[in-house]
Structure formats: structure tokens, C-alpha cells
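For the numbers below, each heavy atom of this structure counts, side chains included, while hydrogens, waters and symmetry mates do not.
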Amino acid sequence: MPPTIPGFGYQRVTVAGGVSLNVAVGGSGTPIVLLHGFPQTHLMWRHVAAALALDHTVICPDLRGYGDSDKPRAQSPDTYSKRTMAQDVITLAGKLGHERFALAGHDRGALVAFRAGLDHPQKVSHLACLDVLPTLDMWEALHGLTAAVGFHLYLMAQPPGLPEQMIQASADEFFAYFLRVWSNDPQAVPADVRDAYLTACRGAVPSIVADYRASAGIDVDHDRADRAAGRRLAMPVTVLQQDWGTALGYEAAALWGAWAGKLHHSTVSAGHFMAEEAPADVVEALRGLLKR
């Protein structure tokens, strides 16, 4: 049996025509939705979710295109836009009985959460984004040799065909590479969870590439339009990031501050997979956010 979050119930919820999400729900109290990153599934939140479920209703879906959720064919750039994926989350929460909720995302999930916060401020009460920059800022920050850390972003931005073929030909090696090099603590992802991640990614190459391709196109367009219009996140925002120092040549707190007036930005002594490597720090940060 594949691993699950202990004590959580599982169900499928239809969020759009032909798209249902696999979702784990546990606990009771005010709701918080947790969105996973790449190359993971909802399981990345297993420690954080269990702790928060002591006094919150915790909702952990697999994003469209990932895990055990549906993976529609990308018939247009909008199929995997963060705007579309954010609407999935709003619809999911509503069908579970929550018209207003806190939202936290890591990596790809943080980009979805960011878009949900901009597009649906009346629905998202608090927002947390873990170890990511907003899409437009990310592309503007990457340059020269420092951009090598994001080689996968450029690969999956290419037109349909070649990226999918290259990744599918060595899927396990490709996805395992990121689990290895982005982690400061290899033991934080045990073998059964690692296998679950690789199995899920192996069966989702076209949709994962489509998600990344959207972030090199339509997502940038959406962010650029919002920047031009002066749209900002209205709710309290917490951003947690690795302590890169000056290695990447940008000031993350300043970039986030341009989008969020009620920002709390801090670094965590962990690798990219901080919810698995330093779950107590993440729980503390989220609890602090929910008190604001």
C-alpha cells in the first residue's frame, strides 16, 4: 500500500469539467489548505498536517496534473495556468464547506497559492509561500551562471515534444536528482515516500511539463498584468525560504515586499524540502501566521 497521512481520510472531489482532485482531510477547526511542490505530492505535508490537525481542519490535495489527481491534456496554455489551478483550490475548499480559509503552498504549490491570493482575496484569509519567488520575479532574477540552478525551468519551457520525450526516457533519474540535490537531509524523505513521489511523477510527465511551461508563458502574463495594475496581496503573508545569502544575486524579501504589504519573511535552516526537513519550524511559522 502506498503511504498516506495517518489519521486523514481520503476522497476525490470534482473541481472542474473532467478534473477531480485526490485530497486528504483531517482534524477540525478553522480550515487551512496545504499545496505541495515539485517533485512531490500531498505527502510532503505529512508531519505539518498532523500537527496542525490538532486544532485545524487541514486539507491536502494533489494539484491537478500531480499525484493521484486527474491529469487533463493541455489543450491550451490555460489548462495548467496557476489561475486555473488556483480556481481548482477555491472550488475544492467550497465543496468541502469552506468559503474562507488559510492557504499555504510550497514550490509549485506556492505559485498556485500566490495566484489564489491575488485572484480571490475574499476567500484566502492568510497566505504562506515556502521557498519560491513569484513567477515574474523568478524569471527576472535568474541570469548568467546563477540560472544554472534552474535548468529544469528552461528545459520544460520549450515547445511540446522534446522536453516530454527527454524526461520520460529517464524519468526516475530526472525526478530523483531534485530530491537528492535540493535536500540538506536525505533521511527526511524515507524510502517509501520517495518511491511514492517517483511513481507519481513517472506517470505524470506531460502534465508536469505543462505546468512548468505555463510558468514560462501565461503565468508571466498574468503576473505582469497584476504588477502593472498595482494589485497586491491583501491578507497577512508569511514567506519562508532557504538562506541563500547573496548567492543568487537578489533580495528575496524585497521582491516579496513589492507584492505583500503585510509580509513576514524569514529564512529556515533546511534544504528546499523544509516541510519534511524542518517541520517544527514550518508549523511554528504557520501557527504564527494564523494568529495575525
Which residues satisfy the salt bridge (Lys or Arg N to Asp or Glu O under 4.0 Å) test with [X], sequence neighbours excluded?
X: R12; value: D70
X: D68; value: none
X: R287; value: D55
X: D226; value: R115, R231

Name all residues meeting the side chain to side chain contact (heavy atoms under 4.5 Å, CB included) criterion together with [X]; count only those two or more places apart in sequence or in a different chain, and write none if there are none.
X: A16; value: V19, R64, D88
X: D172; value: L198, R202
X: R232; value: none
X: Q11; value: V13, V23, V25, L96

I'd like to know if L54 and V58 are part of one continuous hydrophobic network [Ile/Leu/Val/Met/Phe/Trp/Tyr, side-chain heavy atoms within less than 4.5 Å]. no
Aromatic contact between F178 and F151, with the criterion being ring centroids under 6.0 Å apart: yes or no? yes
Where is the tightest heavy-atom contact between V132 and C129, given as atom of each residue plus distance? CG1-CB, 4.5 Å
Test R227 against D137 for salt bridge (charged side-chain N to carboxylate O under 4.0 Å, His left out), laying out the working first. CA-CA 11 Å; R227 178 188 283 179; D137 296 288; 3.1 Å; yes
More than 12 heavy atoms from other groups under 6.0 Å of NE2 on H264: no
Show the numbers, then the answer: is there a ring pair (Phe, Tyr, Trp, His ring centres under 6.0 Å) between H42 and Y10? CA-CA 11 Å; H42 74 282; Y10 281 74; 5.3 Å; yes
Decide, yes or no, whether a salt bridge links K82 with D119 under the criterion of side-chain N to carboxylate O below 4.0 Å. no
Show every salt bridge (charged side-chain N to carboxylate O under 4.0 Å, His left out) that has at least one partner inside residues 146-164, sequence neighbours left out. E164-R213
Residues which pass side-chain hydrogen bond (donor to acceptor under 3.5 Å, both in side chains) with T14, listed by chain and number, not counting sequence neighbours: S20
Of all pairs that satisfy ring-ring contact (aromatic ring centres under 6.0 Å, His included), the ones with a partner from residues 45-74, not counting sequence neighbours: H36-Y66
Sorted by first residue and then second, give each ring-ring contact (aromatic ring centres under 6.0 Å, His included) pair with at least one member in residues 80-108; sequence neighbours left out. H106-H272
